[in-house]
Amino acid sequence: MLDPRLLRNDPDAVARNLARRGYVFDRGGFLKLDAERKRLQVEVESLRQQRNTRSKAIGAARAAGEDIDALRKEVGALGDKLAKAEASLNAVGGTLDEVMRGLPNLLADDVPDGVDESANLEIRRWGEPPEFDFEPKDHADLGAALGMLDLESAAKLAGSRFVVLHGDLARLHRALIQFMLDVHTTEHGYAETYVPYLANKDALFGTGQLPKFEEDLFAVSGDSRYFLIPTAEVPLTNLVRESIVEADRLPIRLTAHTPCFRSEAGSYGKDMRGMFRHHQFEKVELVHIVRPEDSRAAHEELTGNAEVILKRLGLAYRVVTLCAGDTGAAAAKTYDLEVWLPGQNRYREISSCSNFEAYQARRMRARWRNPETGRPEPLHTLNGSGVAAGRALIAVIENYQQADGAIAIPEVLRPYMGGCEAIVNEPRMRETR
RNA sequence: GGAGAGGUGGCUGAGUGGCUGAAAGCGCUCCCCUGCUAAGGGAGUAAGGGUUAAAAGCCCUUCGAGGGUUCGAAUCCCUCCCUCUCCGCCA
């Protein structure tokens, strides 16, 4: 949600900014609706005031033992008038809310122009893609040859876009998660958090998945309206929903490992090989809740925290700033981390780090008490993957593949693998099937 | 699943139809007193919204959520959600 005051006072600036996303903000329509709301609200409030004062007069008259029938009749008529005015106000207010809730966030000034992915701006690279003296395979082939990446079984159990991992590959996946959590909690100052994997509508509205992107979510049937979380951003950020955080508690830094569930509606046929784009994947998420003046610095720091994981894993990557057209509706600015995948011979997204500024905070009424004003003001929220575990597994498999199809294990993961140095194709190394 | 008790401001907690946006306490802010420490005294202190260029002031809304009764609801009625206690079941 945007600052309503800004929308009223400088709708042209809002329209100019949103136009960079290709979003057309109907200034005239908004201002007209807002003026109508104002008119009705003044009317309703003045009617309510009359009702309140006269009702009190009835109480006083009755206490004095006077006759109150005439007064009651009069106020009753007022009530009918009020009900009508309230109905109009609700109708207009509802339309206005819908318009406001549908507006995307304002972009930060340093977001590059552009309509799609191709205009994203690379800002740095780290590491060199590995050179192989053989033809490198992709993770789907490597994992299948090891007998440890099993899409067939997954299809039997659930369907396409799911995976079953066996033996050492399953363990490597878990090792990645534990490694990431350990780095973020012991070195980067994040508090490890365990959260529900189902979220309600209010939570999903708060972070911006609802109402516009419901088709991306899996809904759970039953009496309560639950959705499987598409990211731990939802439960972690909503921890501060409808609350006023004291200034001395900021910044708040949270991390959680959760599965993530996405319907991938609209990406039919895209990335169908292997386990790159699945309905269920694991991710270690990083969330910052900060004072507004700190959010830019926090965004750089959070992104750096995610980068540390790739560096320690020895995976080549680049950082890109998403262009205006590619930046998500709730974000003011987003950095994507793209890891080198030899199987695809290109960099692919493995983390997305965004500054939402006050957009989510306004939707969820997450505030902090600003000591300078003494008043509650919207917080700034940020999040990023630190990093996607499924894609990290893909990257390790492809970047650490050996000529014989074995997978070397990055140094930092060996403690989590019982000292094991490589995953090899031996039947005893995988679970019985 | 059965039985019961509850959900009130940043926190604890009083409040069964008008005098209650809300006693009291804690916390916090400011002031006074006290030459440290400790203690004491006084004042202030919910959020959201409207009116305003902005503020002050004034007004509206909010006592878990949504409906209803009433001239008037924290208070009465209905539905739902959540928390706690006991019993049962259970990873």
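All chains are named by letter (A, B, ...) in the order of the sequence lines, taking the proteins before the strands, and each is independently numbered beginning at 1.
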Exercise. Counting N and O atoms only, with roles assigned by atom type, does the side chain of A:Gln360 sit under 3.5 Å from a partner on the main chain of A:Thr207, one being a donor and the other an acceptor?
Worked result: yes
When you check the gap from the basic side-chain N to the acidic O, do [X] and [Y] get nearer than 4.0 Å?
X: A:Arg363; Y: A:Asp202; result: no
X: A:Asp34; Y: A:Arg37; result: yes
X: A:Lys333; Y: A:Asp109; result: no
X: A:Glu246; Y: A:Arg369; result: yes
X: A:Lys32; Y: A:Glu36; result: no
X: A:Glu307; Y: A:Arg312; result: no
X: A:Glu264; Y: A:Arg262; result: no

Could you check which nucleotide pairs with [N] in any of the strands shown, counting Watson-Crick or G-U wobble with both distances under 3.5 Å?
N: B:C84; value: B:G4
N: B:U51; value: B:G57
N: B:U79; value: B:A65
N: B:U45; value: B:G27
N: B:U16; value: none
N: B:C89; value: none
N: B:A22; value: none
N: B:C33; value: none

Quick one: is [N] close enough that its OP1 or OP2 comes under 4.0 Å of any side-chain N or O from [X]?
X: A:Arg367; N: B:G48; result: yes
X: A:Arg37; N: B:G49; result: no
X: A:Lys38; N: B:G50; result: no
X: A:Arg62; N: B:C19; result: no

Atom pair distance, as rounded to whole Å: [atom1] in [X] and [atom2] in [N]:
X: A:Glu242; N: B:U62; atom1: CD; atom2: P; answer: 17 Å
X: A:Ile58; N: B:C19; atom1: CD1; atom2: C1'; answer: 16 Å
X: A:Arg369; N: B:A46; atom1: CZ; atom2: P; answer: 9 Å
X: A:Tyr226; N: B:C81; atom1: OH; atom2: C1'; answer: 10 Å
X: A:Arg249; N: B:G27; atom1: CZ; atom2: P; answer: 20 Å
X: A:Asn200; N: B:G64; atom1: CG; atom2: C1'; answer: 14 Å
X: A:Lys56; N: B:A73; atom1: NZ; atom2: P; answer: 11 Å
X: A:Asp97; N: B:G49; atom1: CG; atom2: P; answer: 12 Å

Seminar exercise, completed: Taking B:A47, B:G72, B:C19 as options, the one with an atom nearest any side-chain atom of A:Ser55 is B:G72
For this session: For RNA chain B, find the residues of residues 39-52 of chain A with a heavy-atom distance under 4.0 Å and give them by number; none if there aren't any.
Result: A:Gln41, A:Val42, A:Glu45, A:Arg48, A:Gln49, A:Arg51, A:Asn52
Problem set entry | Residue whose nearest RNA chain B nucleotide is more 5′ - A:Arg72 or A:Pro4 | A:Pro4
For this session: Let me know, please, whether A:Thr53 or A:Lys73 comes out on the 5' side of the other along RNA chain B by nearest nucleotide.
Result: A:Thr53
Mind checking the [atom1] distance from [N] to [M]? Whole angstroms is fine.
N: B:G2; M: B:A14; atom1: C1'; answer: 33 Å
N: B:A47; M: B:C84; atom1: C1'; answer: 27 Å
N: B:G13; M: B:G7; atom1: P; answer: 9 Å
N: B:U79; M: B:U61; atom1: C1'; answer: 23 Å
N: B:G40; M: B:C58; atom1: C1'; answer: 39 Å
N: B:A73; M: B:G17; atom1: C1'; answer: 7 Å
N: B:U75; M: B:G9; atom1: P; answer: 15 Å
N: B:A65; M: B:G1; atom1: P; answer: 25 Å

Problem set entry | Centroid separation A:His279 to A:Phe218 less than 6.0 Å | yes
Problem set entry | A:His288-A:Tyr190 aromatic ring centre distance below 6.0 Å | yes
Exercise. Within the structure shown, what part of the strands sits under 4.0 Å from A:Arg365 by heavy-atom distance: base, sugar-phosphate, or nothing?
Worked result: nothing
For this session: For A:Leu71, answer base if it contacts any base atom (sugar-phosphate contacts may also be present), sugar-phosphate if it contacts only those atoms, and nothing otherwise; contact means non-hydrogen atoms under 4.0 Å.
Result: nothing
